[in-house]
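A short worksheet on the structure shown next.
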Amino acid sequence: MPELPEVETIARQLRERGVEGREILALRIDWPRMVEPLTPAAFSNALCGTKINTVSRTGKWIQIQLSSGQHWMVHLRMAGSFSKRRSKFDRAEVLLSGGMKLYFRDTRKFGRWKLVDDPQEILGQLGPDALSKHFTGTYLEQQLTHRKRAIKPLLLDQSLIAGIGNIYADEALWATSIHPQRCSSSLTPEERKALYRAIRHVLRIGVQNRGTSLGKGQTNYRDMNGESGSHRKRVKAYGRKGLPCERCGTPLIKIVVVQRGTTLCPTCQVR
DNA sequence: GAAGACCTGCTA
DNA sequence: TAGCAGGTCTTC
């Protein structure tokens, strides 16, 4: 679930709740694989007694800078989220100074926590963050023209652009009427520019709406307050199979591209 | 690239 | 009950 806008929402809410400046007093980890190769005890020992300096986000990673000089890196993967409320799907519990508790909820147990001395160990493997100033139209153009790859998997490749996931890839491609299997080098200059603008636009709107979630239930994205994002109402392609395209009225179809469900308009988005 | 693995809950 | 899900990793 969480892509850039959802991860950004969680990072912001951690800051808004005021976790920065607090000391980590206790930490319980109930799902050991989450912190491999460290053990839960080793991870907990390294964090307890340190203070949280800052919380930030790059791509789909949350970066928590600690007073020890180390960085607590969190990837939510498919279903992770921090929450201020306890739930039966919590995999970890953090006690902060001032009596604040944080719960790490993760139904599918795919979330990962890492402890690193230098965040570049992780972030260095990523392309520029899709909403940062380092992701420019020129950069995207280079990536598209220098490769012969289907456009959708290229957009999902975190080593090229960090933060785009399945929902926002489908949204950006629908917005620009580009078929997800088009070869990246076949895009016209106009299409490349439009795609750049669409990527930035759908992600910004996603952030403004505090993320996207679909359906109900525990596998869905929830923010720290347990609320689903309101971006769902604005989604034009993802999850709208069979519903009319908002441009031409043709029912949207769903295909599989690199093993990912992909929704598109068969009329507007031609190969 | 493709396919399977990692996991659980929800929907059809 | 089978198949599907917002993400990555590993192994062909």
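- The pair A:Glu171-A:Arg234 fails the salt-bridge criterion, with no side-chain N (NZ, NE, NH1 or NH2) lying under 4.0 Å from an Asp/Glu carboxylate O.
- Only the P atoms considered, C:dG3 is 13 Å distant from B:dG4, to the nearest whole Å.
- Taking atom OH of A:Tyr238 as the reference point, atom C1' of C:dC4 lies 9 Å away to the nearest angstrom.
- Residue A:Arg112 is classed as having no contact, given no heavy-atom separation below 4.0 Å to the nucleic acid.
- Checked against A:Asp223 for a salt bridge (charged side-chain N to carboxylate O under 4.0 Å, His left out), the options A:Arg17, A:Lys84, A:Arg210 give a single hit: A:Arg210.
- One distance of note links OG of A:Ser81 with CD of A:Gln13; it measures 8.0 Å at 0.5 Å rounding.
- The phosphate of C:dG7 (OP1 or OP2) has no side-chain N or O of A:Gln158 nearer than 4.0 angstrom.
- For the P atoms, the distance from C:dT11 to B:dC7 is 16 Å, rounded to whole Å.
- Contact annotation: A:Lys241 does not reach the phosphate of C:dC4 (side-chain N/O to OP1 or OP2, under 4.0 Å).
- Once the 5.5 Å centre distance and the 30° plane angle are applied, the aromatic ring of A:Phe110 is found stacked with the base of B:dC6.
- Checking the phosphate oxygens (OP1, OP2) of C:dT8, a side-chain nitrogen or oxygen of A:His75 falls inside 4.0 Å.
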Problem set entry | For DNA chain B, the dot-bracket pattern of Watson-Crick and G-U pairs whose distances stay under 3.5 Å, | for other-strand partners | ||||||.|||||
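- At a threshold of 4.0 angstrom between heavy atoms, the contacts of A:Lys254 are confined to the sugar-phosphate backbone, with no base atom among them.
- At whole-Å resolution of the value, CD in A:Glu36 and C1' in B:dC6 are 11 Å apart.
- Note on A:Trp31: only backbone sugar-phosphate atoms sit closer than 4.0 angstrom, heavy atoms only; bases stay farther off.
- Atom CG in A:Asp90 sits roughly 13 Å away from atom P in B:dG9 (whole-Å rounding).
- Judged by distance alone with a 3.5 Å cut-off, no donor-acceptor contact links the side chain of A:Gln259 to the base of B:dA2.
- The distance between the ring centers of A:Tyr238 and A:Tyr168 does not fall below 6.0 angstrom.
- When rounded to the nearest whole Å, the span between CZ of A:Arg108 and P of C:dC9 equals 16 Å.
- Under 4.0 angstrom from either OP1 or OP2 of C:dG7 there lies at least one side-chain N or O belonging to A:Lys60.
- Under 4.0 angstrom from either OP1 or OP2 of C:dA5 there lies no side-chain N or O belonging to A:Arg260.
- Scanning all heavy atoms of the two residues, the minimum distance from A:Val55 to A:Ala11 falls at CG1-O, 3.9 Å.
- Screening residues 102-121 of chain A for ring-ring contact (aromatic ring centres under 6.0 Å, His included) gives A:Phe43-A:Trp113, A:Trp72-A:Trp113, A:Phe82-A:Phe104, A:Phe104-A:Trp113 as the qualifying pairs, with residues at least two apart or on separate chains.
- Rounded to whole Å, the separation between the C1' atoms of C:dG6 and B:dG1 comes to 22 Å.
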For this session: Could you walk me through whether A:Lys236 and A:Asp170 pass the salt bridge (charged side-chain N to carboxylate O under 4.0 Å, His left out) test, one step at a time?
Result: CA-CA 9 Å; A:Lys236 307 287 191 191; A:Asp170 279 7; over 6 Å; no
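- Side-chain N/O atoms of A:Arg77 include none lying less than 4.0 angstrom from OP1 or OP2 on B:dC7.
- Spacing of P atoms, B:dC6 relative to C:dT1, comes out at 22 Å, to the nearest Å.
- At whole-Å resolution of the value, CD in A:Gln181 and C1' in B:dG1 are 12 Å apart.
- Atom pair A:Leu4:CG and C:dT8:P shows a separation of 11 Å (rounding to whole Å applied).
- Salt bridge A:Asp106/A:Arg77: absent, no basic N to carboxylate O contact under 4.0 Å.
- In this structure, A:Asp106 atom CG and B:dC7 atom C1' are separated by 9 Å, rounded to whole Å.
- Rounded to a whole Å, the CD atom of A:Gln125 is 12 Å from the C1' atom of C:dC9.
- A donor-acceptor contact under 3.5 angstrom links the side chains of A:Thr250 and A:Thr267, judged on distance only.
- Distances shown here put every side-chain N or O of A:Tyr168 at or beyond 4.0 Å from the OP1 or OP2 atom of C:dG6.
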